[in-house]
*Asks:* 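Here you go, one structure.
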Amino acid sequence: MDIHLVQGDITEQRVDAIVNAANSSLLGGGGVDGAIHRKGGPDILAECRQLRASTYGKGLPTGQAAATTAGRLPARWVIHTVGPVHSATEDRSDLLSSCFRESLRVADELKARSVAFPAVSTGVYHWPMDDAARIAVRTVRETSTSVREVRFVLFDADAYAAFEQAIGASD
Ligand code: AR6
């Protein structure tokens, strides 16, 4: 698997699937989630409502992932995952790791070969960027998957640097 870093906007990525840092309601929010629904149009939200009605009545649990199509976005699918809120008193890194593992599992079900991830949990959910980058890189490297390209799409230079360091450290 090739791992690439890009500084930019995940909604603009031309890959098979982009991953959304969603919340368990699947009904939208700010950050990446807001941008995906805004640019992708109403079809994504309609499919999210269907997922809630059919499979996730109580919401998508933290650490899990579920897919919709991608509306007007250049990607074919959006894989929605729910990161954990960072806690100073409880180690929730298994849940953050699970977001990447489960997203790749769903990507395999879709037969997606290229997947773009944002830095899940590092915005509204306050996960420290360096630690999130280490967990993200380690997990995708350790996951057995048919995905050939993982692209981490980082919004700013500090996030990019954190992922660059994490990739170097776990080579
Ligand atoms: N492309 C790439 N990265 C982005 C983009 C973008 N368009 N926009 C923001 N980021 P966040 P979370 C970065 O808050 O922490 C939502 O309200 C951002 O700088 O989107 O998992 C959901 O509905 C940060 O580094 O996700 C949930 O309620 C990273 O993406 C909650 O926020 C993640 O920030 C999820 O919080």
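Just so you know, these numbers come straight off a predicted model, no measurement behind them. Values reported hereafter were calculated over all heavy atoms of this structure, with side chains retained and with hydrogens, waters and symmetry mates removed. Each ligand, and each atom within it, is numbered from 1 in the order the structure gives.
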*Asks:* Return the option from Val120, Asn23, Asp158 holding the heavy atom at the smallest distance from atom 23 (O) of ligand 1.
*Replies:* Asn23
*Asks:* Need the ligand 1 atom indices (1-based, order shown) with element for anything under 4.0 Å from a heavy-atom of Gly31.
*Replies:* 8 (N), 20 (O)
*Asks:* If you measure every N or O of Ala22 against every N or O of ligand 1, does any of those distances drop under 3.5 Å?
*Replies:* no
*Asks:* Which atoms of ligand 1 have any heavy atom of Asp33 under 4.0 Å away?
*Replies:* 22 (C), 23 (O)
*Asks:* Would the distance check show the side chain of Asp16 and the main-chain N or O of Arg113 forming a donor-acceptor pair, the cut-off being under 3.5 Å?
*Replies:* yes
*Asks:* Identify which one of Thr81, Ile79, Thr139 satisfies the side chain to side chain contact (heavy atoms under 4.5 Å, CB included) criterion when paired with Cys99.
*Replies:* Thr81
*Asks:* Tell me which pairs pass salt bridge (Lys or Arg N to Asp or Glu O under 4.0 Å) where either residue lies in residues 48-70, with sequence neighbours left out.
*Replies:* none
*Asks:* What about Val124: any of its N or O atoms under 3.5 Å from an N or O on ligand 1?
*Replies:* yes
*Asks:* Name the closest protein heavy atom to atom 33 (C) of ligand 1, giving the residue it belongs to and the distance to 0.1 Å.
*Replies:* Ala119 O, 3.3 Å
*Asks:* For Val106 versus Ala67, what's the shortest heavy-atom pair and its separation?
*Replies:* CG1-CB, 3.7 Å
*Asks:* If we ignore hydrogens and angles and just use 3.5 Å, is the side chain of Asn23 paired with the main-chain N or O of Gly28 as donor and acceptor?
*Replies:* yes
*Asks:* What residue and heavy atom of the protein are closest to atom 26 (O) of ligand 1, and at what distance?
*Replies:* Ala21 CB, 3.6 Å
*Asks:* N/O of His126 under 3.5 Å from N/O of ligand 1, yes or no?
*Replies:* no
*Asks:* Specify the closest pair of heavy atoms between Tyr56 and Pro61, including all atoms of both residues, with the distance to one decimal.
*Replies:* CD2-CD, 4.1 Å
*Asks:* Report, in ascending order of atom number, the atoms of ligand 1 lying under 4.0 Å from any heavy atom of Met129.
*Replies:* 25 (O)
*Asks:* Any nitrogen or oxygen of Ala35, main chain or side chain, under 3.5 Å from a nitrogen or oxygen of ligand 1?
*Replies:* no
*Asks:* Could you identify the single nearest non-hydrogen protein atom to atom 24 (C) of ligand 1 and state the distance to 0.1 Å?
*Replies:* Thr122 OG1, 3.2 Å
*Asks:* Ala116 and Val153: which non-hydrogen atoms are nearest, and at how many Å?
*Replies:* CB-CG2, 3.9 Å
*Asks:* Tell me whether Ala159 reaches ligand 1 (any heavy atom closer than 4.0 angstrom to a ligand atom).
*Replies:* no
*Asks:* To check your reading of the model: name the closest protein heavy atom to atom 16 (C) of ligand 1, its residue, and the distance in Å.
*Replies:* Gly30 O, 3.4 Å
*Asks:* Nearest 0.5 Å please: distance from the CD1 atom of Ile3 over to the CZ atom of Arg151.
*Replies:* 13.0 Å
*Asks:* Classify the ring geometry between His37 and His80 as parallel (under 30°), tilted (30 to 60°) or perpendicular (over 60°).
*Replies:* parallel
*Asks:* Is a donor on one side and an acceptor on the other found under 3.5 Å between the side chain of Arg101 and the backbone of Thr143?
*Replies:* no
*Asks:* Given Gly83, Ser121, Gly28, identify the one with the heavy atom nearest to atom 21 (O) of ligand 1.
*Replies:* Ser121
*Asks:* Can you sort out the partners of Asp94 under salt bridge (Lys or Arg N to Asp or Glu O under 4.0 Å), two or more places apart, ordered by chain and number?
*Replies:* none
*Asks:* Is there a protein heavy atom less than 4.0 Å away from atom 2 (C) of ligand 1?
*Replies:* yes
*Asks:* Using heavy atoms and a 4.0 Å limit, tell me yes or no: is Thr11 in contact with ligand 1?
*Replies:* no
*Asks:* Numbering the atoms of ligand 1 from 1, which are under 4.0 Å from a heavy atom of Gly29?
*Replies:* 17 (O), 23 (O)
*Asks:* Considering non-hydrogen atoms of the protein only, which is the closest contact for atom 7 (N) of ligand 1, and what is the distance?
*Replies:* Asp9 OD1, 2.9 Å
*Asks:* Do any heavy atoms of Gly8 fall under 4.0 Å from ligand 1?
*Replies:* yes
*Asks:* For ligand 1, find out whether one of its N or O atoms is nearer than 3.5 Å to an N or O atom of Gly123.
*Replies:* yes
*Asks:* If I compare all heavy atoms of Pro118 with all of Val32, which pair ends up nearest, and what's the gap?
*Replies:* CB-CG2, 3.9 Å
*Asks:* Walk me through it: do Arg134 and Asp131 pass the test salt bridge (Lys or Arg N to Asp or Glu O under 4.0 Å)?
*Replies:* CA-CA 5 Å; Arg134 275 192 294 273; Asp131 195 45; 3.6 Å; yes
*Asks:* Give me the residue, atom name and distance of the protein heavy atom closest to atom 6 (C) of ligand 1.
*Replies:* Phe155 CE1, 3.4 Å
*Asks:* Where is the nearest protein heavy atom to atom 4 (C) of ligand 1: which residue, which atom, and how far?
*Replies:* Val32 CG2, 3.4 Å
